[in-house]
Amino acid sequence: MSWAAGKTVLVTGGSQGIGRSTAIAFRDLGATVHVSGTRGSASDYDEPLDGLTYHRADMAKREDREALSGTLGALDVLVNNAGMGRADEYTMEGFEAVVDVNLNAVMDLSVRLHPALRAAHGAIVNVGSLSSFLALKEAPAYTASKAGLLGLTRALADKWAPDGVRVNLVAPGFIATRMTENARKDAGYEARLLKAIPMRRWGDPSEIADAIVFLASPSASYITGQSLAIDGGLMLR
């Protein structure tokens, strides 16, 4: 029997991309999986969410985070995957909106769900980015929020280790998702990008999902406060 059978998992932003792949991976291991998204229902998404419990919850809204945390009851794994970037991050409106979703919402939801995770001796996996380590000059809010998420991961891991709650972070590189679709359609840009990646390819969402499942599993029982870059070797450059 899989270690995840009978476990309860929440994946924020689990309706598409890395979040959906992660939710499906946990589902296929026998877990009860809840996912959040901003659309009205699961049927509003292009890809099916079969076997997943969908919650409409906008991570930018404190009341939605409160409502979501109040519906779950027991929880073994929290994957803080929901995130965003904007074109206007050099305005305070844009900067604050991105930081609120990518960092403040993670703190809020993690604290709200800490009692359930403590009872389960559970795990949190935060989805950062290579911008947790590297600067994206056109995305100051995204960079600041993902770098802050790395620091938050370490602080929560230290604080909650005595409670039996492990907290880690994955830092995806360039992954073939809807968010990178335009870059993949631009042949010239894609060629320059792939040249910078030693493995010379895009990552697949399932490759991030596998790492998240590992960090949440008993196989990682002595790992906390750590970050794992999954980038095809890009940070070697």
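Just so you know, these numbers come straight off a predicted model, no measurement behind them. Note: hydrogens, waters and symmetry copies are ignored here, and every other heavy atom, side chains too, is used.
- Proximity of a side-chain donor or acceptor of Y142 to a complementary backbone N or O of E89 within less than 3.5 Å is not detected.
- Counting only distance, with no hydrogens or angles, the side chain of S132 and the backbone of K146 share a donor-acceptor pair below 3.5 Å.
- Proximity of a side-chain donor or acceptor of T143 to a complementary backbone N or O of L136 within less than 3.5 Å is detected.
- Across all their heavy atoms, P172 and G128 have their closest contact at CD-O, 3.3 Å.
- For the atom pair E207 CD and W202 CH2, the distance stands at 13.5 Å (nearest 0.5 Å).
- Within the 4.5 Å cutoff, no side-chain heavy atoms of N102 are placed close to those of L149.
- Taking the side chain as every heavy atom from C-beta outward, N126 and V167 approach each other to under 4.5 Å.
- Of the possible polar contacts, none joining the Y54 side chain to the S15 backbone as a donor-acceptor pair under 3.5 Å is found.
- Ring geometry for W160 versus H114: interplanar angle under 30°, hence parallel rather than tilted (30 to 60°).
- Of the possible polar contacts, none joining the R56 side chain to the G37 backbone as a donor-acceptor pair under 3.5 Å is found.
- If you chain together hydrophobic residues whose side chains sit under 4.5 Å apart, V77 and V170 fall into the same group.
- We find the CG-CZ distance between D108 and R65 to be 4.0 Å, quoted to the nearest 0.5 Å.
- How far CE of M59 is from CG of N81: 11.0 Å, rounded to the nearest 0.5 Å.
- In terms of heavy-atom proximity, A31 sits nearest to V9 at CB-CG2, 4.0 Å.
- Residues T153 and Q226 share a closest heavy-atom pair of CG2-O, 4.4 Å.
- The CG atom of L109 sits 12.5 Å away from atom CG of N104, with the distance rounded to the nearest 0.5 Å.
- Without hydrogens or angle criteria, D231 side chain to G173 main chain gives no donor-acceptor distance under 3.5 Å.
- When atom types are taken as modelled, the side chain of N168 and the backbone of S227 share no donor-acceptor pair closer than 3.5 angstrom.
- Residue L10 is tested with N80, L113, T32, I124 for a side-chain contact (heavy atoms from CB on, under 4.5 Å); the sole match is L113.
- The distance from the CD1 atom of I212 to the OG1 atom of T22 is 3.5 Å, given to the nearest 0.5 Å.
- At a threshold of 4.5 Å between side-chain heavy atoms, the hydrophobic network of Ile, Leu, Val, Met, Phe, Trp and Tyr places L156 and V125 in two separate groups.
- Of all the heavy atoms in P205 and T177, the pair that sits closest is CG-CG2, 3.9 Å.
- Of all non-hydrogen atoms in A82 and G13, the two that sit nearest each other are CB-N, 3.8 Å.
- Distance check: I208 CD1 to I18 CD1 gives 5.0 Å after rounding to the nearest 0.5 Å.
- Looking at S21, its side chain never comes within 3.5 Å of a backbone N or O of A209 through a donor-acceptor pair.
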